[in-house]
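Working notes, structure below.
The chains referred to below are lettered A, B, ... by the order of the sequence lines, with proteins before strands, and numbering in each begins at 1.
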Amino acid sequence: MLNPQRSFVRPLLAWHEANGRHQLPWRDPDRSAFDILIAEILLQRTTASAVAGAYLPIIARYPSPEAVVAAHPEAVERRIAPLGLAKRAEFICRSAERLLARHSGDVPHRYEDLLGLHGVGAYTARSVLIHAFDEDIAAVDTNVRRLISRFFDVPPDSDALADLADALAPTQRGSEFQHAMLDFADDVCTARTPQCEACPFRERCRSPVYED
DNA sequence: AAGGCGGGGCT
DNA sequence: AGCCCAGCCTT
């Protein structure tokens with residue numbers, strides 16, 4: 001295979017600089033780790049545009065685990081409900097309690113500790129490590145799975161896909177790379193009608209999906 | 001391994 | 001009408 005840094009990572013980062021969704025509120029570099037954790041939970045199976053419309057009031061109300069624990073659980077649920085999957089309100093409440101009980105109110109840096117939070121699985125834990133703590137790894141969600149599966153022609157359900165994604169994450173630019181994959185998969189390498197004609201990597205993609 | 005959760009946008 | 005969305009928990 002051609003050097004994937006040159007054929008995939010670098011062009012993707014360049015595409016992202018010009019076309020990325022840089023304005024999404026949870027990408028503000030001043031966000032706290034807790035704000036990022038909340039965003040990642042809200043983004044589970046939920047479109048970025050939907051979360052973007054609800055995010056700022058939520059973190060203004062619940063900027064810390066203390067604020068979450070002090071709130072009425074029903075009030076948290078009312079704010080989450082418009083996004084669907086309202087059980088996530090309980091996840092957030094339970095996670096906030098655990099942060100206070102076991103982590104001094106801080107978002108932990110250890111992967112295993114993050115997984116111990118209710119509502120935090122492999123994807124969300126990795127996202128926090130990437131965006132809050134600058135780890136140069138990847139988080140495989142439905143978008144990243146589709147993009148890598150298509151470009152490198154590997155089965156979508158293969159275990160090797162996550163390892164491949166990790167290996168692609170560029171030094172010092174893991175967060176940017178993750179955002180680049182998500183934005184590109186949302187805009188060009190889409191699930192239903194991928195914009196292969198407009199894809200800058202069309203000639204290098206191992207499985208182009210053309211419309212007729 | 002499979003089922004359920006969920007409102008909203010897009011085709 | 002059906003498919004999809006920055007997944008995870010429960011059974």
For this session: Give the dot-bracket string for DNA chain C, reading 5' to 3', where a pair is Watson-Crick or G-U wobble with both distances under 3.5 Å, ( ) marks pairs inside the strand, [ ] marks pairs crossing earlier ones, | marks a partner on another strand, and . marks unpaired.
Result: |||||.|||||
Exercise. For A/Arg88 and B/dG7, what is the distance between atoms CZ and C1' respectively, to the nearest whole Å?
Worked result: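 Atom CZ in A/Arg88 sits about 10 Å away from atom C1' in B/dG7.
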Exercise. Could you give the CZ-to-C1' distance, from A/Arg79 to B/dG7, as a whole number of Å?
Worked result: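 Spelled out: CZ on A/Arg79 to C1' on B/dG7 is 18 Å.
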Problem set entry | Residues A/Phe184, A/Asn143; criterion side chain to side chain contact (heavy atoms under 4.5 Å, CB included); working and verdict | CA-CA 9 Å; A/Phe184 187 77; A/Asn143 293 289; over 6 Å; no
Exercise. With distance as the sole test, does A/Gln172 use its side chain to make a donor-acceptor pair with the main-chain N or O of A/Pro170 at under 3.5 Å?
Worked result: no
Considering only the [atom1] atoms, how many Å lie between [N] and [M], rounded to the nearest integer?
N: C/dC8; M: B/dG8; atom1: P; value: 23 Å
N: B/dA1; M: C/dC5; atom1: C1'; value: 23 Å
N: B/dG6; M: C/dT10; atom1: P; value: 13 Å
N: B/dC5; M: C/dC4; atom1: C1'; value: 15 Å

For this session: Compare every heavy atom of A/Ala165 with every heavy atom of A/Ile148, then report the nearest pair and how far apart it is.
Result: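 Here A/Ile148 and A/Ala165 meet closest at CD1-CB, 3.6 Å.
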For this session: Work out which heavy atom in A/Arg31 is nearest to a heavy atom in A/Trp26; give both atom names and the distance.
Result: CG-O, 3.7 Å
For this session: Kindly state whether the ring of A/Phe8 and the ring of A/Phe152 have centres lying under 6.0 angstrom apart.
Result: yes
Donor-acceptor list for residues 174-182 of chain A side chains, cut-off 3.5 Å, not counting sequence neighbours:
{"from": "A/Ser175", "atom 1": "OG", "to": "A/His131", "atom 2": "ND1", "distance (Å)": "2.9"}
{"from": "A/Glu176", "atom 1": "OE1", "to": "A/Arg173", "atom 2": "NE", "distance (Å)": "3.0"}
{"from": "A/Glu176", "atom 1": "OE2", "to": "A/Arg173", "atom 2": "NH2", "distance (Å)": "2.8"}
{"from": "A/Gln178", "atom 1": "OE1", "to": "A/Ala139", "atom 2": "N", "distance (Å)": "3.0"}
{"from": "A/Gln178", "atom 1": "NE2", "to": "A/Ala139", "atom 2": "O", "distance (Å)": "2.9"}
{"from": "A/His179", "atom 1": "ND1", "to": "A/Ser175", "atom 2": "O", "distance (Å)": "3.4"}
{"from": "A/His179", "atom 1": "NE2", "to": "A/His131", "atom 2": "ND1", "distance (Å)": "3.4"}

For this session: For the residue pair A/Thr190 and A/Gln195, confirm or rule out a side-chain donor-acceptor distance under 3.5 Å.
Result: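 No pair is found: no donor N or O on one side chain lies under 3.5 Å from an acceptor on the other.
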Problem set entry | Reading 5' to 3' through nucleotides 3-11 of chain C, protein heavy-atom contacts under 4.0 Å coded B for base, S for sugar-phosphate only, - for none | BSBBBSSS-
